[in-house]
Amino acid sequence: MTGATGPLSLPQLEAQALAVLERASDAKVIAIRTRTQAAWPDAINLSGRPFRLRWCDSPLMVREALSALEEGADEQAGPGLILLTPLSARDLGGDVVARLARAQVFQPDAWGMVQQLFKAREIDARLGRFRWMAQLLVERSGVGAYPPVPNGFLDMDTAWRHVLGRCLSLDASTPDAAMLLNWSLGSDAAGYFNDLPDQAKPQVTAWLGDSAGAVGTLVMCCVMAGNTRDAVPLGLVCGVVLSAQGEGVHELAAAAIRLERFIGGKRIGTAEGRLWANDAAKCLQALTPALRHEVIERAELLLRELHVDTCARLSDVLPLGLEQRLALLADALKTFIAGPATAQLQAIEGAADSVTCHAHADPASTRMLRVKMAVRLCRWLIAERPDSKDSSEGRASGFADLAQRYAREGAFVDWARFKLLGGDDLPGLSSAFVALREAARTKAEAFNQRFAQALQVWNREPRAEPACMPVEAIVERLLAPLAKQTPVLLLVADGLSYPIFRELFEGLEALGWDEQVTTSPTTLAVGIAALPTITEVSRSSLLSGRLVVGAAAQEKSAFATHPALVGASRAGSRPVVFHKGDLADAEGLSSTVRDAIASPQQQVVAVVYNAVDDHLSGSNQIRVRWTIDDLRLLGPLLSEARRARRVVVVTADHGHVIDDGTVQRGQGEGDRWRLPSGTPDAGELLFEGGRVKTPSGNAVLCTWSEGVRHGARKNGYHGGASAQEVVVPLSVFTPRNMVLKGWQVAAAPQPDWWAPLEAPLPAGGTETPALPKKPPKAKPLASPTPQIDLFGGTLPVAAPAPAVNWIDALQASPAYTAQKALAARVAPADPDVRSLLEALAARGGKLSKTALAQRLGMPAMRISGFVNAAKRVLNVDQAAVLVLDETAGTVELNRELLGRQFRVTVR
């Protein structure tokens, strides 16, 4: 490129003049050839010197300009003069040329100017084909000086980096697809590209396409077609139109053709389109919320323009896709509720998996918690079918059995179904949740009736045993024996139901606590509230150690003088109980409570915590999260106890039922109890004698149906005879690695159906719900490929005899024996490995750590160590036969790889 092709721009002019001054610093007159005049300023400063600019299109004008310079006619112009002329040196004459710098009229050389600007001695020869680049580099030199190039060589990448940086605001010589996508969303990106010379645009597009691959080419096609800001939205659209789950769908195929008009008519290949979708999804995650919203809205609008918005479910990133997946889940739930069956449950599991894998499905959100709980309820309903081998119907007969069944299973059912209260933003899903709650409630009501009838019988001759401990026996039978071993903290959470207890203390293990159970017998201890299940009776009886009706003052006195507790306490330090008003001061947990818990002399401390009971009469407009972090003072209480190495006994005076469409029926002395009068209603039973205690005697009518109340509407109620109100937690927690005589760490408490019944999808990942299409022809299954012996050919796969279990064959194999020898003392016992393999195989090869702990009867905290030890035996040559994913909290068995490594057939 030369100046003869058009007028010189000011940057080009300055660059050429500076190049002359570099070699002739004292030059006073510089002549530069340019074909036409441009709008230059009258004067400029170069190298700290002023120069006047003169356009001279004839020899006479040149001579006049030189004469004016010599005569000093224009003092303001200074001593320097730049002559801009279309004339050559031959046209000017020898005497004029002799007065010019270096005795010549300089012909502008764009690359020479660039060389000067970069202080380069040599330029990459490949740059010669980009004639427009030199002009851009010179013109953009006004933005700021270019840094001198190393070794005096201007290479291709350096030149492109500065062109892209100064012309397009792309800070790289070879931007990748992610950088291009982000750049396309800039408000000035399209303007920057449009400002490029026409001859530059195709070559810039080609360069960026080469550097950013197939996605970069597609992005630049959007730019060339005038759809720069659509590059990311169109990529998201490709995630739907070219989805693997949408192959063969006519509407999507037609949309792929219509999509071409946005990129200049270019056909989008399937592989390239999926790469574009993947990169666009990654780009979306890094955007500001406002820009992300704008991109998503545009992508969903494009789907509507392409008439495939109903297929948005195929997208893992568009909110519309999540809404459609939730709608599919709602349909699956309704189908299941109409006729529960294993096939419908599998459809629900698949629909739920597609929901949870969506980018907008926040695992910590209430919505996703409800999805998880809905699926769990469906599993439970299947497990509870009369024809199910896992059904617990009929297994629990006596009251103690029913109380244990509620603590181990019913409480988890209630936890799940009450989390569905409040519904969802989607009406269809809300109605599905209502129907599911109703189905669960029907079973819960039947259980509560059986429970209350059994309680009526048991109440006549109650017995105190760990599996069914009356609250008035807790102090003598549990707390005092523990206090003889170690300092204890009795935490009485007023109104704490079993479902809330399990939710509240779900994360206690992570805080350094272990739940304990007695070793003889190894059973879960539960408390049984007194009747009616109200604070004045049940809490006072608990803290007094006998059936009484009282208040806080009587509780303090009775607890401090209880003979069994006094006998376990140190001299001069009587047992002490703190109520609600004692717990807090200006700094949070009061110093008095802290000092009592920390004192090694104070063997027995009790705290009455009222957060749950207070919530029952509070506002129903607020959704409470039952976590230790969210309940004031509970975290500090537990932290102080852990630091003091104090055993914590968690219990409650009574539980409660949640208001879920309750009906007010009659009047009573409490929310769910009344003194006997008239004939009991269908939802209540008469309790007399035994553990009944009221100010008026020992007879009371208690409501067992959770749908009935006597008073005004509140968040929840207590006083009745349902399992939710009567069965209370009675759990012992020790600081990590603390040993209690006669106790052992409890296994994970959750029921079997709390975790997925089987791995619903192959190891390749979660599938997005596919759209209906013509099914492919079935192909015969290929036989498994035998493992190749590198030194002796193909090794046969040893199929066990029909009577031999595959785990027996595995543990009898030479490879297994060799692996055990390598692992030495770290190797788990064969029965333990068998239990692990059976548990995983029964659930499709994958379980959560908690579910695996529950199935193995092992503390959850020990699962990681056990699995890592098993990996030493099963993972031959570090092959991923057994995989522990600590991030996801899962354990997975690759049965196919196990069969190949040990040469057994895994059935």
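Side-chain atoms are counted along with the backbone in the values below, which use heavy atoms only and exclude waters and symmetry mates.
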Side-chain donor or acceptor of Gln456 paired with backbone N/O of Leu686 under 3.5 Å
yes
Closer than 3.5 angstrom, by distance alone: can the side chain of Gln724 be matched with the main-chain N or O of His656 as a donor-acceptor pair?
no
Minimal non-hydrogen separation, Val576 against Phe559, with atom names
O-CE2, 3.6 Å
Any donor-acceptor pair under 3.5 Å from Thr662 side chain to Gly707 backbone
no
Side chains of Gln516 and Thr734: is there a donor and an acceptor less than 3.5 Å apart?
yes
Parallel, tilted or perpendicular: which describes the rings of Tyr406 and Phe447, with under 30° parallel and over 60° perpendicular?
parallel
Under the salt bridge (charged side-chain N to carboxylate O under 4.0 Å, His left out) test, which residues partner Arg625, sequence neighbours left out?
Asp630
Consider only side-chain N and O atoms of Thr335 and Gln344, and report whether a donor and an acceptor are under 3.5 Å apart.
no
Is Arg546 paired with Glu555 through a side-chain N to carboxylate O contact shorter than 4.0 Å?
no
I need the single residue from His718, Arg672, His654 that forms a side chain to side chain donor-acceptor pair (under 3.5 Å) with Glu725. Which is it?
Arg672
Is it true that Arg539 and Asp494 have a side-chain N and a carboxylate O under 4.0 angstrom from each other?
yes
Quick one: salt bridge (charged side-chain N to carboxylate O under 4.0 Å, His left out) partners of Arg674, sequence neighbours excluded?
Glu684
Salt bridge or not for Glu640 and Arg646, using N-O below 4.0 Å?
no
Salt bridge (charged side-chain N to carboxylate O under 4.0 Å, His left out) partners for Arg855, two or more places apart:
Asp752
Does the pair Glu503 and Lys419 meet the rule for a salt bridge (charged side-chain N to carboxylate O under 4.0 Å, His left out), with working shown?
CA-CA 11 Å; Glu503 180 182 1; Lys419 283 300 176 185; 2.7 Å; yes
Cationic N near anionic O, under 4.0 Å, Glu472 to Arg691
yes
What closest approach, in Å, do Ala483 and Ala568 show between heavy atoms, and which atom pair accounts for it?
CB-CB, 3.7 Å
Any chance you could measure Arg477, atom CZ, to Leu730, atom CG, to the nearest 0.5 Å?
11.5 Å
Just checking Trp754 against Phe412, ring centres under 6.0 Å apart?
yes
Can you tell me if Ser573 and Gln603 form a side-chain donor-acceptor pair at under 3.5 Å?
no
Please determine whether a side-chain nitrogen of the Lys or Arg among Lys556 and Asp582 lies less than 4.0 Å from a carboxylate oxygen of the Asp or Glu.
yes
Does a salt bridge link Arg405 with Glu384, judged by any charged N lying under 4.0 Å from a carboxylate O?
yes
Do we see a donor-acceptor contact under 3.5 Å between the side chains of Lys693 and Ser540?
no
Regarding Arg417 and Asp660, does a basic nitrogen lie under 4.0 Å from an acidic carboxylate oxygen?
no
